[in-house]
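Single-structure report; data block below.
Atoms within a ligand are numbered from 1 in the order they appear, just like the ligands themselves. Heads up: numbering here begins at 1 and tracks the sequence.
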Amino acid sequence: MNTQNVVAKKKFGQNFLKDESVLRKIVEAMPKNENKLVEIGPGLGDLTKFLVDVKSVEAFEVDTDLCKLLQSIFKEEIVTKRLHITCGDVLQTWKSTLVDEEYDLVANLPYYIATNIILKALADPMCKNILVMVQLEVAEKFCATAGEKVFGSLSIIAQSVGTVTIVTKVPPTAFDPQPKVDSAVFLIQKNANRSNREFEDMLRVAFTQPRKTLMKNLSQKYDKPTLIEAFEKLNLIHTIRPHQVDTKDYHQLYKII
Ligand code: SAM
């Protein structure tokens, strides 16, 4: 089998990135450091080729046919230990850390599990930076700032651990086969690890009904007089909606309630 006669498997979210200008933009956006590179879903190896030129790469691919193909394409890099491929479902392999040294995740992620992978990487203490392609709608959720309609738990969780930037938007024509949606590459530069479960539980309650007021949502679980006191302390009006409160104020609220 060669890359020409591979039939993309929908169940693994296979949309291969063919536009070389986008591949170059991903490589240019990589933080400059000594960290190892981790690629989830190397696919036909188009991005991998660029990555192994920069640093050594630890790759995880679920599709056994593609694993065999990658092993023949990258024979030399595997022998020289520039590339190591683990064949299997990355979510099964991932314990508290994915690899046992500091790494940056650089990948065109399978969209059906992209959010899950990013949340795991945010919690992984060995993961220092996350540079990934996902569907545009998901990238916007992670990168939104307070006041924007899509600002929510994902934005707050990501922005609590570092800085988040959209690198580039990518149209369906950059892929083969073409996905139905637009995509985007975005970067999270971590300076901490994912916040605690109780804080995230509070966020879930805060955004249960995004169009209702934050006070109404939080009152379902938290003591009303404490909430009133907290809102006053933080100068938050009672009619404020969940997406209008910024990350810093959510942390203050958490401390008080
Ligand atoms: N990196 C390639 C590219 O840019 O052309 C392929 C990207 S494609 C969007 C997603 C890749 O992730 C596919 O190769 C797919 O087989 C792989 N994949 C899907 N689910 C996976 C999982 N659970 N664990 C590891 N790899 C997975």
Side-chain angles (χ1 to χ4, degrees), residues 1-30 37-74 77-78 82-95 97-99 103-121 123-124 127 130-139 167-187:
M1 186 167 67
N2 62 40
T3 56
Q4 303 298 318
N5 48 32
V6 168
V7 178
K9 297 184 180 101
K10 239 185 172 172
K11 66 169 176 179
F12 291 141
Q14 291 176 355
N15 298 97
F16 302 111
L17 178 57
K18 290 296 167 196
D19 186 328
E20 203 165 307
S21 69
V22 180
L23 288 163
R24 289 188 190 285
K25 274 188 197 158
I26 296 175
V27 175
E28 276 160 23
M30 277 174 17
L37 292 179
V38 166
E39 185 185 10
I40 295 176
L44 302 176
D46 293 286
L47 177 59
T48 322
K49 277 186 198 133
F50 284 87
L51 300 184
V52 290
D53 265 355
V54 183
K55 280 193 218 171
S56 64
V57 178
E58 187 73 42
F60 297 84
E61 175 55 65
V62 73
D63 184 338
T64 44
D65 294 333
L66 292 187
C67 285
K68 282 184 208 138
L69 185 64
L70 289 162
Q71 271 148 4
S72 76
I73 298 174
F74 292 102
E77 287 80 2
I78 291 171
R82 195 74 178 161
L83 173 67
H84 180 261
I85 304 167
T86 302
C87 198
D89 178 352
V90 71
L91 295 177
Q92 298 296 320
T93 317
W94 212 325
K95 305 299 169 210
T97 62
L98 184 55
V99 293
Y103 72 88
D104 292 346
L105 171 63
V106 181
N108 169 19
L109 290 177
Y111 292 0
Y112 72 107
I113 44 168
T115 300
N116 199 351
I117 289 174
I118 296 165
L119 289 174
K120 277 183 106 53
D124 185 338
C127 179
I130 301 167
L131 176 64
V132 285
M133 169 104 70
V134 294
Q135 74 184 74
L136 177 62
E137 197 188 317
V138 173
V167 173
T168 185
K169 292 184 185 172
V170 183
T173 48
F175 302 86
D176 182 28
Q178 294 187 15
K180 290 199 175 69
V181 292
D182 284 331
S183 304
V185 178
F186 79 104
L187 171 67

Tell me, please, which residues at least two apart from F186 pass ring pair (Phe, Tyr, Trp, His ring centres under 6.0 Å).
-> F142
Any idea which atoms of ligand 1 are less than 4.0 Å away from a heavy-atom of L17?
-> 3 (C), 4 (O), 5 (O)
Could you give the distance from CG (D176) to CZ (F16), rounded to the nearest 0.5 Å?
-> 8.5 Å
Who's the nearest protein heavy-atom neighbour of atom 25 (C) of ligand 1, and how far?
-> V62 N, 3.4 Å
Under 4.0 angstrom from ligand 1, any heavy atom of T93?
-> no
Distance in Å, L44 CG paired with L17 CG, rounded so as to fall on 0.5 Å steps = 10.5 Å
With a 3.5 Å cut-off and sequence neighbours excluded, list the donor-acceptor pairs that the side chains of residues 45-53 form with protein atoms.
residue	atom	partner	partner atom	Å
D46	OD1	K18	NZ	3.4
D46	OD2	K18	NZ	2.9
T48	OG1	E39	OE1	2.7

Touching ligand 1 at all, A107? Heavy atoms, strictly under 4.0 Å?
-> no
Could you list the atoms of ligand 1 found under 4.0 angstrom from a heavy atom of P42?
-> 1 (N), 2 (C)
Enumerated ligand 1 atoms positioned under 4.0 Å from heavy atoms of F16 | 5 (O), 6 (C)
Measuring from the heavy atoms of Y112, does anything fall under 4.0 Å of ligand 1?
-> yes
Is there a heavy atom in N15 that sits closer than 4.0 Å to ligand 1?
-> yes
Options G45, G41, G43, C67, ranked by nearest heavy atom to atom 12 (O) of ligand 1, top entry = G41
Under 4.0 Å from a heavy atom of Q14: give me the atoms of ligand 1 that qualify, with their elements.
-> 13 (C), 15 (C), 16 (O)
